[in-house]
There are 2 protein chains.
Amino acid sequence: MINKKNNIFAYLISNMFTQSEENYLKAIYHLELVSTKGISTNAIAKKIETKASSVTDMVKKLSDKKVVVYKKYKGVKLTSLGKKTAANIVRKHRLWEVFLVEKLNFSWDEVHEVAEQLEHIKSPKLINQLDAFLDFPKQDPHGDPIPDKEGNLKTIEKSLLATLHKNEIGICVGVNDSSSEFLQFLDKQGITIGQEIKVLDKEDFDNSLSIEIDQKELSISSKIANNLYIQKK
Amino acid sequence: MINKKNNIFAYLISNMFTQSEENYLKAIYHLELVSTKGISTNAIAKKIETKASSVTDMVKKLSDKKVVVYKKYKGVKLTSLGKKTAANIVRKHRLWEVFLVEKLNFSWDEVHEVAEQLEHIKSPKLINQLDAFLDFPKQDPHGDPIPDKEGNLKTIEKSLLATLHKNEIGICVGVNDSSSEFLQFLDKQGITIGQEIKVLDKEDFDNSLSIEIDQKELSISSKIANNLYIQKK
DNA sequence: AATTACTTTTAGATAAGGCTAAAAATATAT
DNA sequence: ATATATTTTTAGCCTTATCTAAAAGTAATT
């Protein structure tokens with residue numbers, strides 16, 4: 001029961017960002033991690049599953065709020081305020097994912113949808129206490145790094161499984177695709193974060209790999225190998 | 001990043017109730033606990049801190065969705081579907097309050113605002129697991145009962161402290177006013193749920209009470225005594 | 001029974017966030 | 001360099017949830 005005029009809390013949160021604005025900021029943040037250029041309207045539209053015209057509108061609003069720099073036809077870039085804001089949303093998302101897996105027995109393929117909602121809850125105390133309650137985790141259940149309070153993100157060194165050569169060994173440290181289909185597939189194959197993987201053979205024909213996990217041999221497609229991050233041993 | 005067309009989850013939640021609709025349902029639910037008659041437009045408007053005209057609009061929408069019965073100028077009543085839906089929101093609110101106090105070290109005067117947001121998170125699994133994680137609590141931090149999954153609410157027998165007579169003893173089981181001001185006042189006086197309270201004297205003049213808690217004597221106003229629930233011993 | 005007061009509803013407006021279709025700008029290809 | 005294709009923006013419309021002001025209904029009072 002939130003009222004903009006009489007409720008101080010509601011006033012404070014109304015002065016921040018709407019759920020929709022937060023989703024745009026997060027999308028731009030993720031896109032900036034891959035490309036260094038200005039993020040195009042179409043790229044955002046695709047990511048957020050909306051229309052380019054809606055993106056243009058929102059991007060103007062975000063520009064007014066000083067979280068992005070926007071030049072017509074030239075795409076957008078997050079300002080430092082924008083980066084910090086977006087990182088904070090990602091921080092919340094990933095901390096909630098840890099909570100769901102560690103405390104509520106969710107599996108790693110079930111957490112995304114719920115975290116997508118929980119990330120918008122406004123309460124600094126909540127997220128700080130949650131962080132402490134979870135013992136200050138550094139990665140989410142998919143191996144993605146959790147930004148710290150200042151929005152700094154410590155990326156660990158990782159390579160795609162597909163880049164390993166024959167007889168090399170790696171430890172699974174993350175996934176590139178975190179769709180529930182892919183994650184469930186990994187579960188079925190017994191592949192989890194921390195799992196040791198040895199490349200037994202590489203097939204030139206289709207780039208599929210023959211790998212060893214837990215003393216078992218397994219053949220995986222190139223698509224799989226390009227969505228699994230490992231740390232070389 | 002929710003999209004109505006391609007995301008099954010979003011589709012499901014969009015088929016349910018908006019945050020605003022949920023707030024109206026909750027308000028009507030709370031009002032029905034006190035009055036048995038149809039709930040008036042003005043009563044809802046006051047509770048939700050909005051205008052009567054807005055209430056009329058929303059009430060029509062809720063009526064279309066079969067969660068209230070609405071007759072022009074005659075107020076509304078929740079249908080059984082409406083009751084169940086509202087009870088579920090209250091259940092979520094109170095479970096989250098328990099979580100915040102028990103696990104994240106919030107005090108009982110800080111939980112309401114945050115629970116007000118968390119109660120709108122859509123995920124049956126989340127709330128069931130949270131319930132189990134908290135060991136199936138029956139009351140929230142203010143002593144209010146938590147509805148079960150079917151929306152049934154077990155009200156405990158309780159009376160206002162103001163109804164106790166001289167030399168009677170009660171155990172504090174809840175509060176009527178759960179504003180942070182009142183709760184902080186109680187903290188300051190050392191009054192918590194479970195606290196034993198003995199009425200030493202009643203002052204006819206202003207209906208104030210002299211009470212004993214933890215071997216200490218204390219004078220409290222009638223206003224306080226009318227906002228504290230106790231169970232007679 | 002008539003007047004006044006209060007409550008509720010209606011009508012019309014606004015703001016946020018989305019859409020489609022058309023126009024404008026930029027990029028690509030001949 | 002011109003024509004074509006693609007991207008982006010604009011313009012106008014829709015829905016949700018609000019609001020204000022006016023109209024209509026109900027209740028209270030003389």
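Below, chain A is the first sequence line, B the second, and so on; all start at residue 1.
- Put simply, CD on B:Glu22 and CZ on B:Phe17 are 8.0 Å apart, with the number rounded to the nearest 0.5 Å.
- Taking atom NZ of residue B:Lys60 and atom C1' of nucleotide C:dT10, one finds them 7 Å apart after rounding to whole Å.
- By the neighbour-count criterion of 12 heavy atoms within 6.0 Å, atom NZ of B:Lys84 is sparsely surrounded, having that number or fewer from other residues, nucleotides or ligands.
- If you measure from atom CD of B:Glu49 to atom C1' of D:dT18, you get 15 Å, rounded to the nearest angstrom.
- Under the salt bridge (Lys or Arg N to Asp or Glu O under 4.0 Å) test applied with B:Glu21, the options B:Lys60, B:Lys26, B:Lys65 reduce to a single match, B:Lys65.
- B:Lys46 has its NZ atom 15 Å from the P atom of C:dC6, to the nearest Å.
- Nearer the 5' end of DNA chain C, as judged by each residue's closest nucleotide, is the contact made by B:Ala43, out of B:Ala43 and A:Met58.
- Checking D:dA21, C:dT8, D:dT9 against every side-chain atom of A:Tyr70, the shortest atom distance belongs to D:dT9.
- Looking at residues 33-42 of chain B, you'll see that no heavy atom sits under 4.0 Å from any atom of DNA chain D.
- At a threshold of 4.0 Å, the pair A:Arg91-A:Asp131 counts as salt-bridged, since one of the basic side-chain nitrogens sits closer than that to a carboxylate oxygen.
- Separating the CG atom of B:Asp64 from the C1' atom of D:dT15 is a distance of 15 Å, rounded to the nearest angstrom.
- Closest contact between the side chain of A:Asp57 and the listed nucleotides C:dC19, C:dT9, D:dT18 involves C:dC19.
- Atom CD1 of A:Ile48 is separated from atom C1' of C:dC19 by 15 Å (rounded to the nearest Å).
- Formation of a donor-acceptor pair under 3.5 Å by the A:His142 side chain with backbone atoms of A:Trp108 is found in this model.
- Residue A:Thr56 has a polar side-chain atom (N or O) positioned under 4.0 Å from OP1 or OP2 of D:dT9.
- When each of A:Ile156, A:Leu161, A:Ile193, A:Leu160 is paired with A:Tyr229, the side chain to side chain contact (heavy atoms under 4.5 Å, CB included) condition holds for A:Leu160 and for no other.
- Between B:Ser53 and D:dA21, a side-chain N or O to OP1/OP2 separation shorter than 4.0 Å is absent.
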Protein-nucleic acid N or O pairs under 3.5 Å, nucleotides 23-29 of chain C:
unit_1: C:dA25; atom_1: O4'; unit_2: A:Tyr73; atom_2: OH; d: 3.3

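- No salt bridge links A:Glu113 with B:Lys125; every basic N to acidic carboxylate O contact stays at or beyond 4.0 Å.
- When heavy atoms are screened at a 4.0 angstrom cut-off, B:Ser20 is found touching the sugar-phosphate backbone but no base atom.
- Side-chain atoms of B:Ser40 and B:Asn42 include no donor-acceptor pair closer than 3.5 Å.
- Here the P atom of nucleotide D:dT7 and the NZ atom of A:Lys51 are 14 Å apart, to the nearest Å.
- When all heavy atoms of B:Asn226 and B:Ala162 are compared, the closest pair comes out as OD1-CB, 3.4 Å.
- In this structure, the NZ atom of B:Lys71 is 16 Å from the P atom of C:dT8, given to the nearest Å.
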